[in-house]
Amino acid sequence: MDGFSFLFSLYSLLLGLAVAHVITGFADSWVDRASTAPGTSTILLGLLILLRAAGQWTSFWEGRDSLTMDPWMVLICLGMALPYIFIGRVMFPRVDARYACADDYYMENRRALMTALLIPTCISFASNIVVQDVAFLQAPLFITVKYVLPLAIPLALIFAGRPLWHRAGLGVLTICAVALMFP
């Protein structure tokens, strides 16, 4: 097994856990829909995590010729994937919690969720600066969609107390994730 195969296996396992948590959360929400209404923010956050995981797999595959196995790459993989696992696990209320709407639970936990959402973007930005120097900063639209909005929106949503702002912000982030997958 070469270094890339090991890293890709590790990263796939971790991102697969995040995807599994989100899908399991959606399934549990469906089963519990009579007592807890699904929330728009929760659905958008779940969709965002699924799209970001798919985007991460895609970009990791695209870098297969230049990625090597070393301790820093393992740490980067952990730093990029573990927040998504955390979000996938925490974003849905437990069945026995009895919230009227999943968005009520989301709003109570928005600070932790949005802080976790910032971590992969920060790690990606820092690792790209180390690997590519500042050369990747030459495409302003790409930088805005990949880094500026994914950093600014969750940071703002940590402090925003209105569900409408969260729906709008998560909607924009979801559109950014789709745009990055299909350049």
Side-chain angles (χ1 to χ4, degrees), residues 7 10-22 25-26 39-60 63 72-93 102-134 136-137 139-181 183:
L7 280 174
L10 172 67
Y11 206 37
S12 294
L13 173 69
L14 294 172
L15 289 174
L17 285 172
V19 167
H21 283 307
V22 171
F26 280 144
T40 306
S41 295
T42 305
I43 292 169
L44 285 169
L45 182 57
L47 181 59
L48 177 62
I49 297 304
L50 295 174
L51 289 170
R52 283 210 179 160
Q56 299 260 339
W57 268 312
T58 304
S59 66
F60 206 82
W72 283 111
M73 283 306 299
V74 172
L75 291 174
I76 289 170
C77 288
L78 289 172
M80 296 286 291
L82 293 180
Y84 294 137
I85 296 169
F86 173 82
I87 293 168
R89 186 78 175 124
V90 172
M91 64 185 274
F92 295 99
D103 275 353
D104 297 337
Y105 175 82
Y106 167 88
M107 290 304 292
E108 282 182 19
N109 294 284
R110 72 184 185 276
R111 288 184 176 96
L113 293 168
M114 292 302 106
T115 301
L117 197 57
L118 286 168
I119 294 169
T121 306
C122 290
I123 291 172
S124 173
F125 186 74
S127 65
N128 279 328
I129 285 179
V130 169
V131 171
Q132 299 177 18
D133 201 3
V134 293
F136 79 102
L137 296 173
L141 181 60
F142 173 76
I143 295 305
T144 300
V145 172
K146 180 144 176 99
Y147 296 112
V148 175
L149 292 175
L151 288 172
I153 291 173
L155 190 59
L157 293 180
I158 288 171
F159 303 103
R162 293 194 170 171
L164 180 61
W165 286 108
H166 284 264
R167 290 182 204 121
L170 291 169
V172 169
L173 290 174
T174 301
I175 291 168
C176 288
V178 170
L180 290 169
M181 287 182 67

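What's counted below: heavy atoms across the whole structure, side chains too, no hydrogens, waters or symmetry copies.
For the atom pair L113 CG and I87 CD1, the distance stands at 6.5 Å (nearest 0.5 Å). Here OG1 of T42 is found 4.5 Å from CG of D103. Values are rounded to the nearest 0.5 Å. Atom CD1 of residue I153 and atom CG of residue L173 lie 4.0 Å apart, to the nearest 0.5 angstrom. Atom CG of L170 is separated from atom CE of M114 by 5.0 Å, given to the nearest 0.5 angstrom. A distance of 9.5 Å separates NE2 in H166 from CD1 in I158, rounded to the nearest 0.5 Å. Between atom CG of residue L15 and atom CD1 of residue I85 there is a gap of 7.5 Å, rounded to the nearest 0.5 Å.
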Legend entry - side-chain contact (heavy atoms from CB on, under 4.5 Å) between T121 and R52, intermediate numbers included: CA-CA 10 Å; T121 306; R52 283 210 179 160; 3.9 Å; yes
Inset, instruction - Check step by step if side-chain contact (heavy atoms from CB on, under 4.5 Å) holds for M80 and L14. - result: CA-CA 9 Å; M80 296 286 291; L14 294 172; over 6 Å; no
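Residues satisfying the side-chain hydrogen bond (donor to acceptor under 3.5 Å, both in side chains) test with S12, not counting sequence neighbours, are W57. Applying the side-chain contact (heavy atoms from CB on, under 4.5 Å) criterion to L13, with sequence neighbours excluded, gives no partner residue.
For the residue pair C77 and L7, the shortest heavy atom distance occurs at SG-CD2, 4.0 Å. Here the closest non-hydrogen pair linking S124 and K146 is OG-CE, 4.0 Å. Contact detail for L44 and G171: the closest heavy-atom pair is CD1-N, 4.1 Å. Between G88 and V22, the shortest heavy-atom contact is CA-CG2, 3.8 Å. Taking all atoms of both residues into account, the shortest heavy-atom contact from P83 to L78 is CD-O, 4.0 Å. In this structure, F86 and A116 approach most closely via the heavy-atom pair CD2-CB, 3.7 Å.
Just one of T174, L180, I175 meets the side-chain contact (heavy atoms from CB on, under 4.5 Å) condition when paired with L51; it is T174. The side-chain contact (heavy atoms from CB on, under 4.5 Å) test with I143 is passed by exactly one of N128, L149, V148: V148.
Ring-plane geometry between F92 and F26 is classed as perpendicular, the angle between the planes exceeding 60 degrees on a 0 to 90 degree scale with a lower cut at 30.
Judged purely by atom type and a 3.5 angstrom limit, Y105 uses its side chain to pair as donor or acceptor with the backbone of V90.
Other residues, nucleotides and ligands contribute more than 12 heavy atoms inside 6.0 Å of the CZ atom of R167.
Within the 4.5 Å cutoff, the side chain of L117 has no heavy atoms near those of the L157 side chain.
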